[in-house]
Visitor: 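One structure follows; several queries about it will come next.
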Amino acid sequence: MKINYINPTKKYIYFKQQKDNNNNNNKTFINKKDFLTNTNFINFNSNLLNIKKIIPKPNLAEIKNISIFATVISSLTSLINLLGRGAILNKYFKKLRDDFSKNLEINAINTEKTAWDFYTNSNSENMEKYEIAQENYSKLFKDKETYDKFLEVDKTKLSKREQKQLKDLLKSFDDELNTGEDVKILRQKENEIAQKYNSYIPMIDGKEVSKTEIFKIMQTETNPEIRKKAYEAKLKGGDLIANDLVEFVKMRNDYAKKKGYDNYFDYKLKEDYDVDLVFLNKLIDDVYSKSDEKIKNIQEKKEEELKKFFNVDKLEVYHYGLLLDSDPEKEVNKVLEKNDIVFISKNLYKKMGYDVEKMQSEGKLTLDLYPRKGKNTHGFCFGVQAGKDSRILANLTNNVSSLDTLNHELGHCVYDLGISEKLTFLDKAPASSAFTEAIAMMMGDIIKKEDVLSDIVSKDLLEKFKSTHKEDEASFVSKSLLIIEFEREMYKNPDQDLALLWKNLTKKYLNRDVEKNNEWATIPHYLSHPAYYQNYFRANIMKAQIYNYLTSELGNLTENKNSAKFMDKNIFSYGAKYDEYELIKKLTGKEFSVDDFVNNLD
């Protein structure tokens with residue numbers, strides 16, 4: 001690679017120029033005595049190297065002849081040229097990156113804003129605006145001239161983080177320049193299926209019900225017939241898009257094969273999340289082997305309680321999810337029904353040092369928290385602009401699950417808003433998807449880890465409620481393993497009987513005998529965030545290690561107003577400067593480990 005870069009204001013090494021009388025070319029000469037005695041000849045750019053500190057002044061007595069001296073000069077010149085070239089290339093990349101990032105940031109913000117509009121109101125007009133914004137963002141990576149400039153960068157002259165930035169940029173350019181039409185078609189297909197699913201209104205006995213109401217029925221209704229109708233109404237949403245999803249999986253696989261991968265799951269795992277499949281499989285095996293018996297004991301105990309309550313020998317799929325009288329969450333839900341969970345959530349964050357009300361008044365935080373027609377039925381955080389604009393879409397009711405959701409999504413928000421504005425645009429993001437999920441899940445757990453509800457829940461009930469945390473952990477990890485393995489196998493062979501696959505894996509991980517159905521298609525991540533659920537799984541392990549460290553330094557997070565400053569300084573402000581495992585080591589002083597998570601199950 002040849003880069004012509006001349007900056008007359010910088011002094012590297014000064015050489016006297018003399019005319020060679022034997023030919024017409026200019027050659028470089030240097031006066032030996034001047035070089036050895038005059039330090040002005042060694043005035044190196046301070047950003048590169050202080051030559052005087054590294055290369056001692058030669059002893060004249062040791063230089064026997066001109067050939068030795070020439071060797072010294074040649075080595076010194078090569079060293080200077082090498083160091084100078086490395087710094088120049090580094091500056092070249094930074095300028096190229098920062099110039100490109102100006103338009104990239106503008107378009108990224110607009111894409112997030114139109115995504116917000118589409119997810120909060122899924123009509124055809126908003127979908128069209130979202131697709132236009134996506135297309136404008138993509139066009140930036142169709143600039144062949146800029147792509148070629150990035151290709152010229154010698155990554156060996158860059159820092160580890162800059163090498164990652166370069167790799168991600170080159171991938172985005174390659175995606176659009178070489179498979180851009182394929183990407184566009186995939187985006188359109190995803191949006192079509194999303195609109196179809198978001199527009200589905202469940203019905204029970206001819207009456208419209210929201211998905212939030214179905215969730216409440218599955219938690220509280222004791223009549224098996226009503227439970228069955230609610231479950232079937234939910235299932236019809238999956239039936240509606242199951243065939244579309246299978247077709248979509250095949251389209252994604254075709255795309256991944258063009259990128260040199262066997263399937264789209266493997267492609268997304270490595271290219272988008274930088275997770276090695278062998279590492280993930282080993283991590284899953286490690287957690288499963290160390291927690292399988294503990295999880296099964298918890299599951300079997302819960303199943304026996306449900307069988308006894310419904311007076312059946314065999315549980316049906318719609319029996320699961322009921323909160324029994326013995327479950328303290330049922331009583332806590334009764335308390336929360338008479339309280340405002342939004343106030344509770346804001347208050348616990350305020351006790352950590354985060355003023356949510358102030359964030360809202362300053363326009364940094366937007367909350368759309370309650371269900372309505374045409375709105376996506378799940379919970380999301382939209383990080384529109386790091387440090388300046390973060391938004392939450394949710395569908396809340398006054399219960400434990402909704403309080404967990406709001407605390408979780410606010411965890412994403414404080415992370416986004418805590419990222420330093422001094423970082424380059426490409427670093428204005430969390431350390432990884434898994435790391436931001438770890439923070440969010442830690443915040444969601446906090447109602448069962450600390451005395452957040454002590455003002456409204458009795459001491460005895462609160463202690464019982466908090467003791468169920470290990471059951472939650474067991475339930476979550478088993479469900480995660482089910483979702484991850486199903487997705488992995490679905491992409492390996494989308495033509496197999498997916499309903500049967502779901503049935504078999506449900507037995508393996510949840511210990512439930514269920515009928516074949518399309519419940520798998522109701523998992524939103526399969527459509528919008530392929531290969532993403534493994535981030536939740538890894539995050540669940542990370543959060544235990546992170547929380548244990550934070551409380552060792554701060555005590556209960558919600559009882560220390562310095563918690564916010566500590567997390568902002570030691571986690572959030574770094575953005576993507578460090579990768580996820582580097583940041584865990586930097587924060588906790590320990591390598592990433594499953595030990596804290598497994599110990600939580602005891």
Side-chain angles (χ1 to χ4, degrees), residues 1-12 44-49 78-112 132-184 186-187 255-256 258-261 267-268 270-274 385-386 419-429 432 575-579:
M1 180 174 62
K2 183 178 181 181
I3 299 179
N4 295 318
Y5 182 91
I6 300 174
N7 187 344
T9 66
K10 302 293 183 184
K11 291 184 179 179
Y12 299 103
F44 206 178
N45 186 313
S46 60
N47 289 327
L48 300 178
L49 186 63
S78 297
L79 173 63
I80 292 169
N81 288 339
L82 178 63
L83 294 169
R85 180 177 172 79
I88 290 169
L89 292 177
N90 187 270
K91 289 180 180 179
Y92 172 81
F93 169 72
K94 287 181 178 179
K95 186 177 188 308
L96 185 62
R97 175 199 65 193
D98 293 345
D99 287 347
F100 179 73
S101 292
K102 291 174 184 176
N103 282 332
L104 187 65
E105 182 172 15
I106 292 170
N107 281 272
I109 292 170
N110 188 49
T111 302
E112 281 296 307
I132 290 172
Q134 288 177 311
E135 182 61 24
N136 288 337
Y137 181 88
S138 298
K139 282 180 182 178
L140 296 175
F141 293 100
K142 293 178 180 178
D143 184 344
K144 183 68 165 57
E145 184 178 348
T146 302
Y147 179 47
D148 288 340
K149 289 178 181 179
F150 278 114
L151 281 174
E152 289 178 350
V153 175
D154 183 355
K155 68 178 183 180
T156 64
K157 307 302 180 185
L158 305 180
S159 67
K160 180 181 177 181
R161 180 57 197 161
E162 288 167 344
Q163 289 182 24
K164 177 68 164 56
Q165 291 174 344
L166 178 61
K167 176 187 173 185
D168 292 342
L169 286 168
L170 290 176
K171 175 186 176 295
S172 295
F173 274 105
D174 180 66
D175 287 347
E176 293 298 337
L177 285 169
N178 299 320
T179 50
E181 279 305 306
D182 294 330
V183 172
K184 183 178 180 180
L186 289 176
R187 279 198 301 263
Y255 176 83
K258 292 180 181 179
K259 295 293 184 179
Y261 287 83
Y267 164 76
K268 290 290 285 188
K270 185 62 180 175
E271 295 296 333
D272 279 18
Y273 306 122
D274 201 23
Q385 188 174 11
I419 294 171
S420 173
E421 293 185 30
K422 296 179 181 179
L423 295 170
T424 63
F425 172 66
L426 297 182
D427 279 343
K428 287 181 179 178
S432 70
K577 183 178 180 180
Y578 302 103
D579 72 32

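Side chains are part of it too, since the values below use all heavy atoms of this structure and drop only hydrogens, waters and symmetry mates. Bear in mind that the values here come from a model prediction, so they are computed numbers and not experimental data.
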Visitor: Who are the salt bridge (Lys or Arg N to Asp or Glu O under 4.0 Å) partners of Glu162, not counting sequence neighbours?
Guide: Lys94

Visitor: Report the distance from atom CG of Asp154 to atom CD of Gln163, rounding to the nearest 0.5 Å.
Guide: 9.0 Å

Visitor: Does Lys270 have any salt bridge (Lys or Arg N to Asp or Glu O under 4.0 Å) partners at least two apart in sequence or in another chain, and if so, which?
Guide: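 With neighbours one apart ignored, the set is Asp274.
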
Visitor: Should Tyr92 and Lys149 count as side-chain neighbours, where that means a heavy-atom distance under 4.5 Å?
Guide: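 The answer is yes, as the side chains (C-beta and beyond) meet within the 4.5 Å cut-off.
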
Visitor: What closest approach, in Å, do Asp427 and Leu423 show between heavy atoms, and which atom pair accounts for it?
Guide: O-CD1, 3.5 Å

Visitor: Answer yes when Arg161 and Asp579 have at least one side-chain N-carboxylate O distance shorter than 4.0 Å, and no when they do not.
Guide: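 Asp579 and Arg161: not salt-bridged.
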
Visitor: For Tyr255, enumerate each residue passing the ring-ring contact (aromatic ring centres under 6.0 Å, His included) test, keeping only those at least two apart in sequence or located in another chain.
Guide: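 Counting only residues at least two positions away or on another chain, Tyr255 forms a ring-ring contact (aromatic ring centres under 6.0 Å, His included) with Tyr267.
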
Visitor: Can you tell me how far NZ of Lys577 sits from CD1 of Ile419, rounded to the nearest 0.5 angstrom?
Guide: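 If we round to the nearest 0.5 Å, Ile419:CD1 and Lys577:NZ are 13.5 Å apart.
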
Visitor: Can you name the residues that form a side-chain hydrogen bond (donor to acceptor under 3.5 Å, both in side chains) with Gln385, not counting sequence neighbours?
Guide: none

Visitor: Not counting sequence neighbours, which residues clear salt bridge (Lys or Arg N to Asp or Glu O under 4.0 Å) with Lys164? List them please.
Guide: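 Asp168.
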
Visitor: Rounded at 0.5 Å granularity, tell me how far CZ in Phe150 sits from CG in Leu169.
Guide: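 If we round to the nearest 0.5 Å, Phe150:CZ and Leu169:CG are 5.0 Å apart.
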
Visitor: Does anything in residues 97-106 form a side-chain hydrogen bond (donor to acceptor under 3.5 Å, both in side chains)? List the pairs, not counting sequence neighbours.
Guide: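 Sorted result for residues 97-106: Lys95-Asp99, Arg97-Gln165.
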
Visitor: Name the atoms and distances for all side-chain donor-acceptor pairs under 3.5 Å in residues 137-146, with sequence neighbours left out.
Guide:
residue, atom, partner, partner atom, Å
Ser138, OG, Gln134, O, 2.9
Ser138, OG, Glu176, OE2, 3.2
Ser138, OG, Arg187, NH1, 3.0
Ser138, OG, Arg187, NH2, 3.1
Lys142, NZ, Glu135, OE2, 3.1
Asp143, OD1, Glu145, N, 3.1
Asp143, OD1, Thr146, N, 3.2
Asp143, OD2, Thr146, OG1, 2.8
Lys144, NZ, Asp148, OD1, 2.9
Lys144, NZ, Asp148, OD2, 3.2

Visitor: Which pair of heavy atoms, one from Ala133 and one from Thr111, lies closest together, and at what distance?
Guide: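 Closest heavy-atom pair between Ala133 and Thr111: O-OG1, 3.4 Å.
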
Visitor: Counting the benzene-type ring for Trp, do Phe100 and Phe173 have ring centres under 6.0 Å apart?
Guide: yes

Visitor: What closest approach, in Å, do Leu166 and Lys155 show between heavy atoms, and which atom pair accounts for it?
Guide: CD2-CB, 4.0 Å

Visitor: In chain order, what residues pass the salt bridge (Lys or Arg N to Asp or Glu O under 4.0 Å) check against Asp175, with sequence neighbours excluded?
Guide: Lys171, Lys259

Visitor: Roughly how far apart are Asp272 CG and Ser432 OG, rounded to 0.5 Å?
Guide: 12.5 Å

